[in-house]
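Worksheet for the structure shown next.
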There are 2 protein chains.
Amino acid sequence: MNDRPTIFGKGDCSDCPIRDRAVCARCEPDELARLDGFKFYRKYAPGEAIIWAGDSLDFVASVVSGVVTLTQTMEDGRRQMVGLLLASDFIGRPNRKSIAYDATATTEVTLCCFRRSPFQDMMDSTPHLSQRLLEMTLDELDAAREWMLILGRKTAREKIASFLSILARRATGALGEVPGKDMTFDLPLTREAMADYLGLTLETVSRQMSALKRDKIILLEGKRRILVPDFDRLLGETGDDADGGVLV
Amino acid sequence: MNDRPTIFGKGDCSDCPIRDRAVCARCEPDELARLDGFKFYRKYAPGEAIIWAGDSLDFVASVVSGVVTLTQTMEDGRRQMVGLLLASDFIGRPNRKSIAYDATATTEVTLCCFRRSPFQDMMDSTPHLSQRLLEMTLDELDAAREWMLILGRKTAREKIASFLSILARRATGALGEVPGKDMTFDLPLTREAMADYLGLTLETVSRQMSALKRDKIILLEGKRRILVPDFDRLLGETGDDADGGVLV
DNA sequence: ATGCCGCATTGATGTGGATCAAAATGGCGG
DNA sequence: CCGCCATTTTGATCCACATCAATGCGGCAT
């Protein structure tokens, strides 16, 4: 956002979302990057597993496009989503080889990957990198804490409204728009995945979606495209403070 | 833990918990430190507010002793705890003047504070610092995600058991012990605060504590001291996988 | 001792969301 | 166009936890 220099800023990396987040390292054209083995792209199909909890991961990555979920599963099958990663979000962590959650592509996903060990070397030599990662992680932590309020204290209807407003904000925010009237966005998750996000059952999610539709808070175009005629009215259903509310 | 050099490593900072986390800066004796205005200590009484959401905070700090909670409150009074900070945890964040949660001392608390602006300068000049903060923040994020599973998917009994095992682990872990038989630790929270942690009512917390006591999973010495005769049996009540389970 | 007050426990009842079950929708391959 | 299968919707019933309401307990000031 604020104009940091790209670290080794030569070449074109217009396709790399972490460029403007001061993380991107060597933005040579794709082919060359793949040759030097440091930066490479990887695609996943909808439903495909990226990693299972406990597996080791030899790269860190940035989401170029698509939606990745992080979930935890209990022995008896109860599942809770703990991360929802969209374009420009970061996967994996320096200094940990294995990760504690299942990561799954829920749409077609493209990752921009960096091999772990050169990435870690780079963190030592370029201080901006760990500062930038710190900032991104703090944002994740804020999101997790907002999520905890949703999980712990909100009603089913408030949970759904909160989830939709978060998605709406991210969808339009990425376009630099301000949420207002007649927002439209895609719902990249099944009812079941929404249930796992919100700590509900898929039946309850479905019922509450129907209720919001009945009350004209949202309109559905097909099952997976949402139209919000009045964003403030949606916000009114979240239970959050009227003022601002976006955690900053 | 691995032996990093202290940044300006002169003087004694045996009282400073962030020393061995490579964050501590100028560990001159207390008096001198207070003079140069960079590092200073501050005490809070039980129940005292440290900051309210939205206030600006001109320092970052490390918890020296005591327990600090971060909570979010909805307009109608519903409350959710989103952070529980014990000795050596970090409060505040670089690059954000205001914070989004209420921070409250639930016991007598001592903070080791660093003025924001010199702290930020130090982050630029000492790369280890932001790397160490990144690592601490990632740990917080893992804890938040484990917490999300608790809030979203566990039963009241499992929530209580999970909370107690987390506390037990931190209490004994700080002493370098391995959790086993006959662990004893203090419960630094009221039933109401536990309810805010777990997304329950205080009555349900009380009932489930009684149930665990009845089933001999825990013993109470007074209301605020817990004895766990068999840690594995407590773990068995959490619903977590038997193996390991500690998120790393 | 005595009474007060904040905290904790216990009991009786209500309800939001889970669970169990069935029917509707819609995409897709043949 | 048809039939299949995954997904979603809707309905009926149940139960874990919330809510409302006493009662108990321990510290502490008088």
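Chain naming here is simple, since letters A, B, ... match the order of the sequence lines and numbering starts at 1 in each. Predicted, not measured: the structure shown is a model, and the values here were computed from it.
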Pairs under 3.5 angstrom only: tabulate donor-acceptor contacts from the side chains of residues 45-55 of chain A to other protein residues two or more places apart or in another chain.
residue: A:Glu48; atom: OE1; partner: A:Ala45; partner atom: N; Å: 2.7

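- Regarding B:Arg78, its CZ atom lies at a distance of 18 Å from the P atom of D:dC17, rounded to whole Å.
- Contact of the A:Leu111 side chain with the A:Val63 side chain is registered, since non-hydrogen atoms from C-beta on lie closer than 4.5 Å.
- Summarising the geometry, the separation between CD on B:Glu192 and P on C:dG6 is reported as 13 Å, rounded to the nearest angstrom.
- Every residue two or more places apart in sequence or in another chain was checked for a salt bridge (Lys or Arg N to Asp or Glu O under 4.0 Å) with B:Arg116, and none qualifies.
- Residues A:Asp182 and A:Pro229 are in side-chain contact: their nearest non-hydrogen atoms beyond the backbone lie under 4.5 Å apart.
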May I have the list of side-chain donor-acceptor pairs in residues 200-209 of chain A shorter than 3.5 Å, sequence neighbours left out?
residue: A:Thr201; atom: OG1; partner: A:Thr204; partner atom: N; Å: 3.3
residue: A:Thr201; atom: OG1; partner: A:Thr204; partner atom: OG1; Å: 3.1

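- In this structure, the CG atom of A:Leu189 is 12 Å from the P atom of D:dT7, given to the nearest Å.
- Atom-to-atom, CG of A:Leu198 to C1' of C:dG16 comes out at 15 Å; the value is rounded to the nearest Å.
- By the ring pair (Phe, Tyr, Trp, His ring centres under 6.0 Å) test, A:Phe185 is found to be paired with no residue, residues two or more places apart in sequence or in another chain being considered.
- Distance from the side chain of B:Arg224 is smallest for C:dC7 among the nucleotides C:dG17, C:dC7, D:dA18.
- A:Tyr44 meets the ring pair (Phe, Tyr, Trp, His ring centres under 6.0 Å) test with no other residue; sequence neighbours excluded.
- Within residues 205-213 of chain A, the residues approaching DNA chain D are A:Ser206, A:Arg207, A:Ser210, by heavy-atom distance under 4.0 Å.
- Note on A:Gly199: only backbone sugar-phosphate atoms sit closer than 4.0 angstrom, heavy atoms only; bases stay farther off.
- In this structure, B:Leu202 atom CG and C:dC7 atom P are separated by 11 Å, rounded to whole Å.
- Here D:dT10 presents its C1' atom at 10 Å from CD of A:Glu203, a figure rounded to the nearest Å.
- If you check residues 148-166 of chain B against DNA chain D, the residues with a heavy atom closer than 4.0 Å are B:Thr155, B:Ala156, listed by number.
- The side chain of A:Thr201 sits closest to C:dA18 out of C:dA18, D:dT8, D:dT9.
- Distance NZ (B:Lys223) to P (D:dG24): 13 Å, rounded to an integer number of Å.
- Evaluation of the side chain to side chain contact (heavy atoms under 4.5 Å, CB included) rule for B:Asp186 yields B:Arg225 as partners, not counting sequence neighbours.
- By the side chain to side chain contact (heavy atoms under 4.5 Å, CB included) test, B:Thr155 pairs with A:Arg78, B:Arg157, B:Glu158, sequence neighbours left out.
- Overall, the helix from C:dA1-D:dT30 to C:dG30-D:dC1 carries an axis bend of 30° between its ends, with five pairs at each end and the value rounded to 10°.
- In this structure, A:Glu221 atom CD and C:dT25 atom C1' are separated by 18 Å, rounded to whole Å.
- For B:Ser210, the side chain to side chain contact (heavy atoms under 4.5 Å, CB included) test picks out no residue, with sequence neighbours left out.
- Applying the side chain to side chain contact (heavy atoms under 4.5 Å, CB included) test to A:Arg233 and every residue at least two apart in sequence or in another chain returns A:Lys216, A:Ile217, A:Asp230.
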